[in-house]
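Atoms within a ligand are numbered from 1 in the order they appear, just like the ligands themselves.
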Amino acid sequence: MGFGKVGSEVARRAKGLGMQVIAHDPYAPADRGRAIGVELVPFDQAISTADFISLHMPLTPATEKVFNDDTFEKMKKGARIVNVARGGVIDEDALLRALDSGKVAQAALDVFAEEPPPRDSRLVQHERVTVTPHLGASTKEAQEGVAIEIAEAVVGALKGELAATAVNAPMVPPEVLSKLAPYAVLAEKLGRLAVQLVAGGSGIKSAKVVYKSARDPDDLDTRLLRAMITKGIIEPISDSFINLVNADFTAKKKGLRISEERVAVDAPPELPDLSIQDHSASTRAWEEIGQLIAVPGY
Ligand SMILES: NC(=O)c1ccc[n+]([C@@H]2O[C@H](COP(=O)([O-])OP(=O)(O)OC[C@H]3O[C@@H](n4cnc5c(N)ncnc54)[C@H](O)[C@@H]3O)[C@@H](O)[C@H]2O)c1
Ligand SMILES: O=C(O)[C@H](O)COP(=O)(O)O
C-alpha cells in the first residue's frame, strides 16, 4: 500500500523472493508498476486478496486510520501486516481487536500513533506483534549512506548523468537504468539525426517510436528512451534544455506528438531495437527515418 520509493523497493525484493506482488497507490503511474512487473489494483482488491500487507503511504487526511475495523474485516483470515510508514494510518485499537480475534495473524510495527509507545502498550506487548523502534534513518551507517548517496547523485546530475533518484522525474529502477543507458545516448542521437533527415529541419511534428524487445510489451518501461528521443528532436532546433523531468511537457508545448508501439519479438536481444518513423505529409503514411539495432558486445 503506497507504491513510492520505499514501496516499490519492497515490491522488487518481494518479487525476488518469489512472491506475487500487487500494489495499491492512487497516484502511482501504471508505467511504474509495469517497470517492476507489479499490478496496481484498487484498495479493496489489495486488502482482500493479500496474505502480507506492507504499508508505505504517507500519513494524510485520506490515509489516517485507513486500516480500521472495516478494513480488517475485509482482509483474509490470517493475513499479516507490516507498518513501516506512519503509526496514524492504522487504528491501533482496531488492530488489537483483529489480532485478538485471529483475523490478523501477525503484525510487524516500526511506527506508532505515539512515539515512543507507552511502556504498557498492549500492542507492543502482544505475543503476535514484532516491534522495532523507528530508528532506521538514525544509525551512523544510514546517515553515512545517505550522505554518500546525495553527494554521488549531485555530482552525477552536474555531470549530466542519468539520475535514478530524482524526486521530480519518473523513477527508473537502477538495473533497468544500467541496461537502457547505452540506448539512451543512441536514442538522443537518433532524434537528432531524424531532425536532419526530415526536410525543412524543424519539420517533425509527429514521430512514432517502435520498440522491438524480447520483454513482454507490458514490462517495457519506455519513459527514459522517449525523453531522450524528444531531447534529440527538440534541442537542435530550439534553445530548450530537455531532460527526463520536462520532456513530455516540452514536447506537448512544441506541438510534437510522439506515439509509441511495442512489438514483442521471440528471440533476444533483451534490449529494445528502436526505429523512428515520421508521419509524411505527402503520403500520409509513417515512413521509417532511422533504426537502432542492438549489437552484442558493442
Ligand atoms: N519507518 C521508517 O524509518 C521510515 C523510513 C522512510 C520512510 N518512512 C515512511 O514511509 C512512507 C513512504 O515513504 P517513501 O519515501 O516511499 O514516500 P514516497 O512519497 O516515495 O511514496 C509514498 C507513496 O504513497 C502514495 N500514496 C499517497 N496517498 C496514498 C493512499 N491514499 N493510498 C496509497 N498510497 C498512497 C503516493 O502516491 C506515493 O507513491 C512515508 O510515510 C515515510 O514517511 C518511514
Ligand atoms: O520515518 C522516516 O520517514 C524516516 O525514518 C526518515 O525520518 P527523518 O527524515 O525524520 O530522519
Query raised in the report: Would one find more than 12 heavy atoms of other residues, nucleotides or ligands at under 6.0 Å from atom CD of Glu115?
Result: yes

Report task. Side-chain contact test, heavy atoms from C-beta onward, threshold under 4.5 Å: evaluate it for Met1 versus Ile53 and give yes or no. Result -> yes

Report summary line: One finds that the ligand 1 atoms under 4.0 Å from a non-hydrogen atom of Tyr27 are 27 (C), 28 (N), 37 (O)

Query raised in the report: Got a sec: does the NZ of Lys65 have more than 12 other heavy atoms crowding it under 6.0 Å?
Result: no

Query raised in the report: Are any of the heavy atoms in Ala137 under 4.0 Å away from ligand 1?
Result: no

**Report entry** Check: Ile242 main-chain N/O paired with Glu235 side-chain donor or acceptor under 3.5 Å
**Finding:** yes

Report summary line: Closest heavy-atom pair, Ala251 versus Thr230, reported as atoms and distance to 0.1 Å, is CB-CG2, 3.7 Å

Requested in this report: Inspect the contact between Asp248 and Arg223 and indicate whether a charged nitrogen and a carboxylate oxygen are less than 4.0 angstrom apart.
Outcome: no

Requested in this report: Could you list which atoms of ligand 1 come closer than 4.0 Å to a heavy atom of His56?
Outcome: 11 (C), 12 (C), 22 (C), 23 (C), 24 (O)

Report task. Using heavy-atom distances, let me know which of Leu59, Leu55, Asn83, Val84 sits nearest atom 44 (C) of ligand 1. Result -> Val84

Requested in this report: Between Ala142, Pro133, Pro26, Gly2, flag the one that comes closest to atom 29 (C) of ligand 1 by a heavy atom.
Outcome: Pro26

Query raised in the report: Any idea which of Arg86, Met57, Glu9, Arg32 brings a heavy atom closest to atom 40 (C) of ligand 1?
Result: Met57

Query raised in the report: Do Glu9 and Lys5 sit within salt-bridge range, that is, some charged N less than 4.0 Å from a carboxylate O?
Result: no

Report task. Could you tell me whether Phe43 approaches ligand 1 through its side chain, its backbone, both or neither, with non-hydrogen atoms closer than 4.0 Å? Result -> neither

Report summary line: A student checking ligand 1 against His134 at a 4.0 Å heavy-atom cut-off should list atoms 1 (N), 2 (C), 3 (O)

Query raised in the report: Quick one: does Thr60 get a heavy atom under 4.0 Å from ligand 1?
Result: no

Query raised in the report: What are the atoms of ligand 1, with element, lying closer than 4.0 Å to any heavy atom of Thr63?
Result: 30 (C), 31 (N)

Query raised in the report: Taking atom 23 (C) of ligand 1 as the point of reference, which of Asp110, Val10, Asp25 owns the nearest heavy atom?
Result: Asp25

Report summary line: Numbered in order shown, the ligand 1 atoms found under 4.0 Å of a heavy atom of Ala85 are 9 (C), 10 (O), 44 (C)

Query raised in the report: Quick one: which ligand 1 atoms are inside 4.0 Å of a heavy atom on Phe3?
Result: 39 (O)

